[in-house]
Structures are given as structure tokens and as C-alpha cells.
Amino acid sequence: MGEGELGSIFISYRRQDAAGWAGRLAADLRREFPQTEVFQDIASIGIGEDFVDAMRRALESCAVAIVLIGPRWLDVRDDHGQRRLDDPEDWVRLEIEESLKRPRLRVVPLLVGNATMPKAADLPASLRLLARRNAHEISDKRWDYDLSQLVKALKPVAALAGGSKPDPEPPAVRAAEWPSGKVFRDGDAGPEMVVIPAGEFVMGSPKSEAGRTDDEGPQHRVRIAKPFALGRYPVTVGEFGRFVHVSGYQTEAERNPEQGIQAWDDSKGEWNWSKGKSWRNPGFAQDDRHPVVGVSWNDALAYVKWLGEKTARAYRLPSEAEWEYAARAGTTTARFWGDDPNQAFRYANVADRSLKAAHPKWPWPIHECDDGYAETALVGSFEANAFGLCDMIGNVWEWLQDCWNETYTGAPDDGRSWERGDCGRRVVRGGSWSVPPVLARAAFRFRDGPGIRNDSQGFRLARTL
């Protein structure tokens, strides 16, 4: 990060109390920190965006949250005479609550209009820690001087959230220090990763396996010579949102809103392009802990590239062999829990009665039990496999690096991705909330064009150790 730069700045303010000061402050901070993004509360959120989700994504990249407190801040009331701060859904309260939850975020009360710092007893319980933060006052008469003191205080804030340079280089780690099952993150940007041990396995399915297709053979032995890391969960909405926010990246669906993403059309009883839909609004409710969907293979690679540059680590999409090895986690049955698809509701989010209730014209078989989710589930909602990985089967399809081949004849036997064959289509694995349990198997495979995006498709990261 260059001289005078810092992670993004979030300004929380009450329109009825400090709108004029907020606009002036935002303009001055943008001038003082030209490489820094300044979020001016709700004014920085696009029309139609979910306010809470957008606010949380913005705070993810911020080093500083400024709480602008004017003379009426404490006592602004709604149309019914209730104090706004006492409403749990009040946006200013939500912003401050979210800011105080983040230990690395500098929360600065900034007093304007001769306001005084509120006492803890005057605040809702969830905001009382704000009273312990050292406030700064900025007055109309001494605006330039007071602003210069604020800028001086902010410049040393050591935060790279939202900067373009990599996180500080972690200490070198010897191979022996990567024990199987170790969970780690590379700085604030990196998702949770799990160390997968070296080993061998038989890839593909036997001809006797229920639901098997010809492209799952011939079975062949694959040797994974070195440990590697795999995402504990699929990449989440929150993780992908931070990348989009910091980098300004637009997904293929967002660049082609007339198409959007592919989704099931209940009115027509068929799959269609869904105009205006994207990872932000796939057509069903998600929050930051749901797996991101509506992203293409190309979008996934853009995220991989950004994260690699951010952390200076070798992130990538998994190879098909790595994925199946990790999904099996030492087992030889159709699924890591065994061969019985009727036990899927305990271990995976697949097509079931919840889905059928939400989509009455659903054309495929469903699980007669109920896992409680019509579409995506929060990551980690189901039991992990023996390697500590969640949602390897079900929830969302996962993009892989490999080109598509109709059989495994000639496939690499060392775990590398297969970069020959039909590279106009890429492999996806794992099934999703939309597939029947008989297809939710470790060996089941499918393919899609690298520009395709739909409402049941996401991705998971791999990392070379």
C-alpha cells in the first residue's frame, strides 16, 4: 500500500442529523486519500441491493468506520415517537453493531455540530462499547485544522483490507508443519482451508454402482504425491462479495443482464435464462454464509487470480482427481457415508420435499425425506467427511480446472488437472440442492461451458502447499 493509503473508510450517519457534514467529510477524505474507497452509508448502496448484505460486504474491506454524531443523533425518532436507536432494525444501529463486532476495524466516533459523546447508559446494550471509543471533534469554524488532525490519526492505521498489494508474507512453513486436517487462513482475505494428506485412491466408479454413467470409468489408480489444501467449504457469498467490492469485478451475468443466469422457471416448468439474476440475487434468499451461485468458470478464475495476488499464495481450482480424492476421504463407497442414498438428508443438501414444495413443477426425482432446504443451505450445515470438508456432496455444483473428457482413458494418474480434451467444456462435481440423491455420489461428474452460470453452481478453492 502506498504512502497515505489505507483500507476503505465507512461513514455511518443519520440523515436527519448530519447529512450535510457527512457529504463534506466524504468529499474531503476522498481528496486526502485518493486511492481509498469511502462508503457514505446508505448513499453508497445501489438501488435494489439488500441493505444489510451490502453494508456487511462494505465493512469487510474497511480499515476505519467513522460514526458521525451530530446534535440530534441520540434522540432522532420515527413517526410513532420511538427513538430510532432503540429499533433493532434501525440501519445506523445495525452499522455500528456490525462495526463493533470486527476486532480489526478502527471505530471512530466523530462529533459535529457541537454534539457531545453519548454515555453508555444512554445507548442500547449492543452499542455501549461505542462509549469507550476515543472520540474526535470537528467544528465548522476549525474544519480544516480538525480534519487535518483526523487525517493524521488515520494515516498510520495498518490495514490492507481493500488495498491492492498482497497481505504480509507469512513465515515459511516446512512440509512437516502441514499436518493432515490442519485448518488455516491466509490473512483476512483467505477462506478457511484444510490440509489434505498425500495418498492413493481408485478414481471412478465400479460398473455395479447404482446411478453410474459410462463417463465414470474406467476406474484407475491415482497417486497424490504431496499434501495440498482444499477449501473447508465452497466459496461463500460474503467471500465472493468482498472480492467484487474490492476489485470492482463484474461477473458474466452482470455484464449480460439480458441473460442473467440459468434458473428453474416455475411458471413454465423448464430451465431458462433468468433476466437480471446474478450471484447477488439468484432468485432465492441467501446471506453471506451461503455458497455463492450464478458464477461461471471464468468468474471463478477471476476470484482465484485476485486471491492469489492478494495473499501471494498459489490458489487455484482443484483438479478433478484432487476433488474426488478429497470427497471420498479414504472411503470406497459411493458416498463418504456409505452406499445408501436415502441417508443423504443427514449428510448433504439434495433434492427433497422442501424443494418440491417450493417448486411444484420440479421435473426430477426427489428425496422422500426432508433436509430442510429448498435451495442452498448455509455452508457447514451438514456433517463433514473424514478430511474435515463440508458440502463436498450436495448444496452446489463445484467448478474444477479440468477439460471435459468422455472417459478416463489416458487420464493423468498423478492428480494433475487434465488440460486436454474438450476444453470448451469444464468439469463440475458434487451435485447440488437440485439433484436427486442417486446422483449425489463421489464419482458422479458433469460438464458445462466456461461461460455458463446457473443457480446451483459455485466453486471451491485449492491451494498448493
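Sequence positions, counted from 1, serve as the residue numbers for this chain.
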Working note: Trp21 + Ile138, criterion side chain to side chain contact (heavy atoms under 4.5 Å, CB included); need CA distance, chi angles, decisive distance, verdict. CA-CA 10 Å; Trp21 285 295; Ile138 188 166; 6.0 Å; no
Evaluation steps, side chain to side chain contact (heavy atoms under 4.5 Å, CB included), between Phe284 and Asp455: CA-CA 9 Å; Phe284 47 83; Asp455 64 359; 3.9 Å; yes
Apply the test side chain to side chain contact (heavy atoms under 4.5 Å, CB included) to residues Leu110 and Val67: give CA-CA distance (whole Å), side-chain angles for both, the deciding distance (0.1 Å), then the verdict. CA-CA 6 Å; Leu110 188 62; Val67 179; over 6 Å; no
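Summarising the geometry of Ala344 relative to Pro437, their closest heavy-atom pair is CB-CB, 4.2 Å, with the distance given to 0.1 Å. The two residues Cys62 and Phe39 have their closest heavy-atom pair at SG-CD1, 3.8 Å. Among all heavy-atom pairs drawn from Ser12 and Glu95, the shortest one is OG-OE1, 2.7 Å.
With a 6.0 Å radius and a threshold of 12 heavy atoms from other residues, nucleotides or ligands, Lys305 has its NZ atom at or below the threshold. Heavy-atom contacts from other residues, nucleotides or ligands closer than 6.0 Å to CZ of Arg102 number more than 12.
Within the 3.5 Å criterion, the main-chain N or O of Asn395 finds no donor-acceptor partner in the side chain of Asn349.
Put simply, NE2 on His136 and CD on Gln149 are 6.5 Å apart, with the number rounded to the nearest 0.5 Å.
In this structure, Arg426 is not positioned above the aromatic face of Trp399 in the sense of NZ or CZ being under 6.0 Å from the six-membered ring centre and within 45° of the axis. A cation-pi arrangement is found for Arg84 relative to Trp91, the charged atom lying closer than 6.0 Å to the ring centre and inside a 45° cone about the ring normal. A cation-pi arrangement is present between Arg289 and Tyr233, with the terminal nitrogen or guanidinium carbon under 6.0 Å from the aromatic centre and inside a 45° cone about the axis.
For residues 107-133, every residue pair satisfying the side chain to side chain donor-acceptor pair (under 3.5 Å) rule, not counting sequence neighbours, is listed here: Glu97-Ser126.
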